[in-house]
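Beneath this line is the structure, given in structure tokens, with notes to follow.
Predicted model, so just to flag it, every value in this text is computed and none were measured.
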Amino acid sequence: MKELAELESRLLEQDFIPQQKNCVLEQYKQTAAMYAQIENSIAVLSDLKDRKSYIYNGALGEVLDLYPKNAAKEINSIWEEDIYNRIHPDDIVARHAFELKFFHLLKKTPIRQRIHFRTHSFLRMANSKGEYLSVLHRTFYLCNQSNGTLWLALCLYNFAPTSEPILSFEGIIQNSLTGELLKESNDTVPEIISYREKEVLNLIEQGMPSKQIAIKLAISKNTVDRHRQNIMEKLRVGNSMEAIKVAHELNII
């Protein structure tokens, strides 16, 4: 990861013009494809700004009957539904909660130190026959936008290096520079969204537009719209429907 850290350091204080942004993205797409090839993993590079993901498969996806070997796919979402649908129902909820913890931890971490943190977690993924395999999942945040906002994330799915079947989700967050383990996956899920944001999200689920929500809660429409934006940012989703789905998976609403 030394090369990634050096690239990150060069990019931190740049204001990207479109050509530069595309060049940086292409470099990391090549990195993701390389991981998939070398490790026979499923590699997912997610662009958090443009809400796109680039998926590359080495061999694991073929074993899971998800993707042909050496396949590449682009989707207009940072949520890989094909992959998520194969993760054990108990593990997908735990994974989302764990990844949100990691995301919010990094937002509080000095920009130049973010490249050193990653997750390691064990989960169960099913093939097309419903048979579960033990999988190692890792997450890296590779690059920030010039304003410090997290931009590119890389997720890797590999065969788990264990002969014992995984019985439940397990995960840690590690500082790869020091070896320090920062979080255990069995922590309680933090209050990711506020009580008022939960109220707004519940009313959105009932089909209420912002104007009606504002009247019901005795707040301005601008305040409702700001709550909507905060909810999507905190839950790392692109629209209200995705926010509702993730919130239910995490038992937030």
Side-chain angles (χ1 to χ4, degrees), residues 1-62 66-84 95 99-100 102-121 135-159 173-179 233 236-238:
M1 296 295 292
K2 180 180 178 182
E3 293 81 3
L4 293 177
E6 291 175 348
L7 179 59
E8 166 78 349
S9 180
R10 294 198 302 271
L11 296 173
L12 282 174
E13 296 178 356
Q14 294 183 10
D15 289 318
F16 295 131
I17 61 175
Q19 294 88 342
Q20 290 174 322
K21 179 177 178 292
N22 290 338
C23 181
V24 172
L25 179 60
E26 287 301 318
Q27 290 184 61
Y28 281 111
K29 285 165 70 174
Q30 293 174 18
T31 298
M34 177 191 69
Y35 268 111
Q37 181 179 9
I38 292 176
E39 296 193 350
N40 280 308
S41 62
I42 300 173
V44 182
L45 180 68
S46 294
D47 182 336
L48 307 183
K49 180 178 184 296
D50 290 340
R51 317 300 295 182
K52 289 186 176 182
S53 292
Y54 306 89
I55 303 173
Y56 305 89
N57 179 51
L60 178 60
E62 191 170 49
L66 268 173
Y67 310 114
K69 188 174 181 180
N70 300 322
K73 180 180 180 181
E74 178 181 335
I75 61 174
N76 292 317
S77 175
I78 61 169
W79 297 90
E80 315 96 73
E81 293 291 347
D82 290 347
I83 296 174
Y84 292 171
R95 178 195 180 279
E99 292 295 324
L100 282 170
F102 184 43
F103 178 77
H104 289 290
L105 171 69
L106 286 191
K107 287 176 67 176
K108 301 175 183 177
T109 300
I111 292 175
R112 293 186 180 278
Q113 296 179 23
R114 291 173 181 171
I115 191 68
H116 300 304
F117 294 90
R118 70 279 323 276
T119 69
H120 303 264
S121 56
V135 172
L136 169 65
H137 174 256
R138 291 172 288 163
T139 302
F140 311 79
Y141 281 90
L142 303 175
C143 190
N144 305 287
Q145 298 178 58
S146 57
N147 63 2
T149 304
L150 294 163
W151 175 26
L152 297 177
L154 177 65
C155 286
L156 300 175
Y157 298 83
N158 294 79
F159 293 108
I173 298 171
Q174 184 179 41
N175 182 332
S176 66
L177 191 65
T178 65
E233 180 181 342
R236 297 179 56 208
V237 296

Problem set entry | Close side-chain approach of Asn158 to Leu60, heavy-atom, < 4.5 Å | no
Exercise. What distance do Ile78 atom CD1 and Lys49 atom NZ have between them, rounded to the nearest 0.5 Å?
Worked result: 13.5 Å
For this session: Indicate yes or no for a side-chain donor-acceptor contact from Thr119 to the backbone of Thr139 under 3.5 Å, with no hydrogens or angles considered.
Result: yes
For this session: Locate the shortest heavy-atom distance separating Arg95 from Cys155; write the atom from each residue and the value.
Result: NH2-SG, 3.9 Å
Problem set entry | side-chain contact (heavy atoms from CB on, under 4.5 Å) assessment of Leu152 paired with Leu25 | CA-CA 8 Å; Leu152 297 177; Leu25 179 60; 3.9 Å; yes
Seminar exercise, completed: Closest heavy-atom pair, Ile75 versus Glu80, reported as atoms and distance to 0.1 Å, is CD1-CA, 4.1 Å
Exercise. In Å and rounded to the nearest 0.5 Å, what is the CG to CD1 distance from Leu106 to Ile111?
Worked result: 11.5 Å
Exercise. Got a second to check how far Leu66's CG is from Ile83's CD1, nearest 0.5 Å?
Worked result: 6.5 Å
Exercise. Would a line drawn from the ring center of Tyr28 to the ring center of Tyr54 be shorter than 6.0 Å?
Worked result: no
Problem set entry | Side chain Asn57, main chain Pro68, donor-acceptor under 3.5 Å | yes
Problem set entry | Full working for side-chain contact (heavy atoms from CB on, under 4.5 Å) between Leu45 and Leu142 | CA-CA 9 Å; Leu45 180 68; Leu142 303 175; 4.1 Å; yes
Exercise. Hey, are the side chains of Thr109 and Tyr141 touching, using non-hydrogen atoms and a 4.5 Å cut-off?
Worked result: no
Exercise. What is the distance from atom CZ of Arg138 to atom CD of Gln174, rounded to the nearest 0.5 Å?
Worked result: 11.5 Å
Exercise. CG of Asp50 to CH2 of Trp151: how many Å apart, nearest 0.5 Å?
Worked result: 8.5 Å
Exercise. Quick one: CG on Asn70 to CD on Gln37, what's the gap to the nearest 0.5 Å?
Worked result: 7.0 Å
Problem set entry | Trace of the ring-ring contact (aromatic ring centres under 6.0 Å, His included) decision for Phe117 with Phe102 | CA-CA 9 Å; Phe117 294 90; Phe102 184 43; 7.5 Å; no
For this session: For Tyr56 and Tyr67, run side-chain contact (heavy atoms from CB on, under 4.5 Å): C-alpha distance rounded to whole Å, both residues' side-chain angles, the deciding distance at 0.1 Å, then the answer.
Result: CA-CA 9 Å; Tyr56 305 89; Tyr67 310 114; over 6 Å; no
For this session: Check whether any side-chain N or O of Ser46 sits under 3.5 Å from a backbone N or O of Ser53 as a donor-acceptor pair, and report yes or no.
Result: no
